[in-house]
Amino acid sequence: CALTGAGLSTESGLPDFRSPGGIWSRYDPDEFAYPRFVSNVEARRSYWRWSAEFYPGVAAARPNDGHVALATLERAGRLYCLITQNIDDLHHRAGSTKVIEIHGNASRVGCLACGREWPRAEVQRWLEAGTEEPRCDACGGILKPRTISCGQAMPERETEAAFAEARACDVMLVVGSSLVVHPAAALVPVAHESGASVILVNLEETPFDAIAKVVIRAKAGETLRRIAAEVVGTEGNS
Ligand code: NAD
């Protein structure tokens, strides 16, 4: 089983949240917390201004060697499940199919009242045409990307499935996550306590380095490419 975070996608040009220059060094996380989003029109306008700026980069990003290596491991029957905190859709675009997105996916927008959905690309056109706070044209409800914000409930099915995989796996390969965002971070001690060997690939220390069997302090793309080459016997890019 693998668990990935924003650090896997920095080599695709997407900033993570907590590294220097990451998103939280330029924006205030409280601004985008879910309770404010649903209760305050100014907070929604501000969120959509940020989102309109952030989304084109996500749409244009391409999977890097790390995403490709994880898809290679799945195809080779060596990776049974990929749990991701990322919302950028790059695992699917790299060819992974067994993906559990515990923080949602930014490529869809949904109505919080009636559940109707739109592609995020369509909403981007509305924003660029001057809409400040998109609303559902069927019921007038609040629209929000299908991602999980701070203070928003986790998706039940995905969260349960992720913890079941963490309890069942024999190895958990964790890549590019600071492991400070819960409940996602708790997947690591749960896997460890259930008998799995934990392998951490991250540029910085994490709170779970001490329980890891292996800690690799190196860039995700090159490291995963080499792991896939070793395990599958290819260069990880076929
Ligand atoms: P985080 O920003 O808290 O931590 C990222 C970690 O990755 C850091 O510890 C950093 O040292 C490491 N890192 C950065 N580049 C790396 C590289 N090339 N190789 C190896 N390690 C690298 O990210 P998180 O733990 O995923 O938590 C942030 C939350 O924000 C998540 O919930 C996620 O949903 C969301 N997020 C998603 C994206 C995305 O989808 N690409 C981007 C930003 C934030």
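Whatever order the structure lists them in is the order used to number ligands and atoms, beginning at 1.
For atom 15 (N) of ligand 1, the closest heavy atom belonging to the protein is T10 OG1, 2.9 Å. The protein non-hydrogen atom at the shortest distance from atom 25 (O) of ligand 1 is S177 OG, 2.7 Å. Looking only at protein heavy atoms, the nearest one to atom 14 (C) of ligand 1 is D16 OD2, 3.3 Å. Scanning the protein heavy atoms around atom 8 (C) of ligand 1, the nearest turns out to be E204 OE1, 3.6 Å. Residue, atom and distance of the protein heavy atom nearest to atom 32 (O) of ligand 1 are H103 ND1, 2.6 Å. The closest protein non-hydrogen atom to atom 34 (O) of ligand 1 is Q85 O, 2.3 Å. For atom 2 (O) of ligand 1, the closest non-hydrogen atom on the protein side is F17 N, 2.9 Å. The protein heavy-atom contact nearest to atom 13 (N) of ligand 1 is G7 CA, 3.5 Å.
With salt bridges taken as basic N to acidic carboxylate O contacts below 4.0 Å, one links D137 and R116. Salt-bridge formation is not detected for the pair K98/E74: no Lys NZ or Arg NE/NH1/NH2 atom is positioned less than 4.0 Å from an Asp or Glu carboxylate oxygen. In summary, K219 and E222 do not engage in a salt bridge, as defined by a charged side-chain N under 4.0 Å from a carboxylate O. Taking 4.0 Å as the cut-off between side-chain N and carboxylate O, R108 and D89 do not count as a salt-bridged pair.
Contact annotation: the side chain of W126 approaches that of P134 to within less than 4.5 Å [non-hydrogen atoms, C-beta and beyond]. Side-chain atoms of C139 and C111, non-hydrogen and from C-beta on, do get closer than 4.5 Å to each other. Residues P35 and Q152 fail the side-chain proximity criterion, which asks for heavy atoms closer than 4.5 Å. Taking 4.5 Å as the limit, some side-chain heavy atom of M172 sits within range of a side-chain heavy atom of L187. No side-chain heavy atom of E42 sits less than 4.5 Å from a side-chain heavy atom of E133. Taking the side chain as every heavy atom from C-beta outward, V201 and V174 never approach each other to under 4.5 Å.
The contact set between ligand 1 and V181, taken as ligand atoms under 4.0 Å from a residue heavy atom, comprises 27 (O). Atoms of ligand 1 found under 4.0 Å from any heavy atom of N86, numbered from 1 in the order shown, are 37 (C), 39 (C), 40 (O). Here is the list of ligand 1 atoms found below 4.0 Å of a heavy atom in K219: 19 (N). Using a 4.0 Å cut-off to heavy atoms of A6, the atoms of ligand 1 that qualify are 23 (O), 24 (P), 26 (O), 38 (C), 42 (C), 43 (C), 44 (C). Of all atoms in ligand 1, listed by their number and element, those nearer than 4.0 Å to a heavy atom of G176 are 5 (C), 6 (C), 7 (O), 21 (N). Heavy-atom contacts of S178 reach the following atoms of ligand 1: 1 (P), 3 (O), 4 (O), 5 (C), 6 (C), 9 (O), 25 (O) (cutoff under 4.0 Å). Near G5, meaning under 4.0 Å from one of its heavy atoms, ligand 1 places the atoms 26 (O).
Residue-to-ligand polar distances keep F54 apart from ligand 1: every N/O pair is separated by 3.5 Å or more. Considering backbone and side-chain N/O of L203, one or more are found under 3.5 Å from N/O of ligand 1.
The part of A218 lying near ligand 1 is the backbone, judged by heavy-atom distances below 4.0 Å. Under 4.0 Å from ligand 1, the heavy atoms of E11 that appear belong solely to its side chain. Under 4.0 angstrom from ligand 1, there are no non-hydrogen atoms of A184. Residue-level proximity to ligand 1 for S9 is carried by the side chain, the only part with a heavy atom below 4.0 angstrom.
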Trace of the side chain to side chain contact (heavy atoms under 4.5 Å, CB included) decision for I216 with L200: CA-CA 6 Å; I216 303 174; L200 292 181; over 6 Å; no

Derivation of the side chain to side chain contact (heavy atoms under 4.5 Å, CB included) call for I83 and E158: CA-CA 9 Å; I83 303 165; E158 284 80 0; over 6 Å; no

Residues I102, T84; criterion side chain to side chain contact (heavy atoms under 4.5 Å, CB included); working and verdict: CA-CA 6 Å; I102 52 176; T84 188; over 6 Å; no

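Under a 4.0 angstrom heavy-atom cut-off, P15 registers as being in contact with ligand 1. Not close to ligand 1: S12, with no non-hydrogen atom less than 4.0 angstrom away.
Classified by interplanar angle (parallel below 30°, tilted 30° to 60°, perpendicular above 60°), the ring pair F37/W48 is tilted.
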